[in-house]
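For the single chain, residues carry numbers from 1 onward in sequence order. Since this is a predicted model, take the numbers as computed values, not measurements.
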Amino acid sequence: MKPLKLIMSAFGSYKGVTEIDFEKLDHGLFLITGDTGAGKTTIFDAMSFALFDHTSGDERDAKQMRSDFATPNDATEVTFVFEHNGIKYTVIRS
């Protein structure tokens with residue numbers, strides 16, 4: 001599976017809508033790095049939530065992933081676009 005795009009809305013530590021375009025990374029291998037609390041694990045939580053309705057670890061429940069910054073009108077949603085065996089898939093989960 002090759003991740004292409006991840007869009008998080010009111011998810012985890014991210015305020016509003018955050019988009020990560022993996023296609024802009026020209027290399028087949030990349031590193032997700034940053035300070036403690038920067039949201040690295042949230043990226044994997046969002047992918048896992050989109051695919052399996054669970055976070056990436058046993059420490060967080062999917063229901064806990066709604067952003068503390070979200071307003072009552074903000075939908076918590078993840079869109080994950082990836083490619084597998086030459087076919088593009090889009091998964092949207094809220």
Side-chain angles (χ1 to χ4, degrees):
M1 176 180 70
K2 177 181 178 184
L4 301 176
K5 187 176 288 189
L6 180 67
I7 303 169
M8 299 172 283
S9 176
F11 187 86
S13 58
Y14 293 99
K15 182 178 182 180
V17 177
T18 301
E19 181 176 322
I20 301 171
D21 189 350
F22 294 101
E23 291 185 283
K24 289 184 178 179
L25 305 173
D26 255 350
H27 308 287
L29 182 65
F30 55 88
L31 176 68
I32 296 176
T33 184
D35 294 335
T36 299
K40 300 176 298 292
T41 302
T42 303
I43 293 169
F44 296 108
D45 284 337
M47 290 179 190
S48 182
F49 173 71
L51 293 171
F52 309 112
D53 196 23
H54 297 287
T55 60
S56 62
D58 293 331
E59 299 174 18
R60 295 163 305 283
D61 184 85
K63 294 176 185 176
Q64 295 174 308
M65 296 311 297
R66 181 165 169 79
S67 175
D68 291 338
F69 303 109
T71 68
N73 294 330
D74 293 332
T76 300
E77 183 175 276
V78 175
T79 302
F80 184 39
V81 181
F82 62 95
E83 184 178 320
H84 180 67
N85 289 336
I87 301 172
K88 282 188 180 181
Y89 296 90
T90 300
V91 178
I92 302 171
R93 189 177 303 271
S94 56

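- Minimum interatomic distance between Glu77 and Ile92 (heavy atoms only, all atoms of both residues): CD-CG2, 3.7 Å.
- Considering all non-hydrogen atoms of both residues, Ser9 and Ala75 come closest at OG-O, 3.1 Å.
- Here the side chain of Lys2 pairs no donor or acceptor atom with the backbone of Gly86 at under 3.5 angstrom.
- Phe30 and Val81 fall into different hydrophobic clusters, where Ile, Leu, Val, Met, Phe, Trp and Tyr are joined by side-chain heavy atoms under 4.5 Å apart, directly or via other members.
- Heavy-atom contacts from other residues, nucleotides or ligands closer than 6.0 Å to CZ of Phe22 number more than 12.
- Taking CG of Asp74 as the start and CZ of Phe11 as the end, the distance is 14.5 Å to the nearest 0.5 Å.
- Both Met1 and Ile87 are part of a single hydrophobic cluster, where members link through side-chain heavy atoms under 4.5 Å apart.
- Rounded to the nearest 0.5 Å, atoms CZ (Arg93) and CG (Asp53) are 4.5 Å apart.
- The CZ atom of Phe82 lies 8.5 Å from the OG1 atom of Thr90; values are rounded to the nearest 0.5 Å.
- Cluster annotation: Ile7 and Leu4 are assigned to distinct hydrophobic clusters (Ile/Leu/Val/Met/Phe/Trp/Tyr, side-chain heavy-atom contacts under 4.5 Å, transitive).
- Interatomic distance, Phe80 CZ to Ile20 CD1, rounded to the nearest 0.5 Å: 10.0 Å.
- Within the 3.5 Å criterion, the main-chain N or O of Arg66 finds no donor-acceptor partner in the side chain of Thr76.
- Salt-bridge annotation for Glu19 and Lys5: present, with a side-chain N of the basic residue lying under 4.0 Å from a carboxylate O of the acidic one.
- Using modelled atom types, one finds no donor on one side chain facing an acceptor on the other under 3.5 Å when comparing Thr42 with Asp45.
- Nearest approach of Val91 to Ala50, heavy atoms of both residues: CG1-O, 3.0 Å.
- Placement of Phe69 and Val17 in two distinct hydrophobic clusters is found when ILVMFWY residues are connected by side-chain heavy-atom separations under 4.5 Å, directly or transitively.
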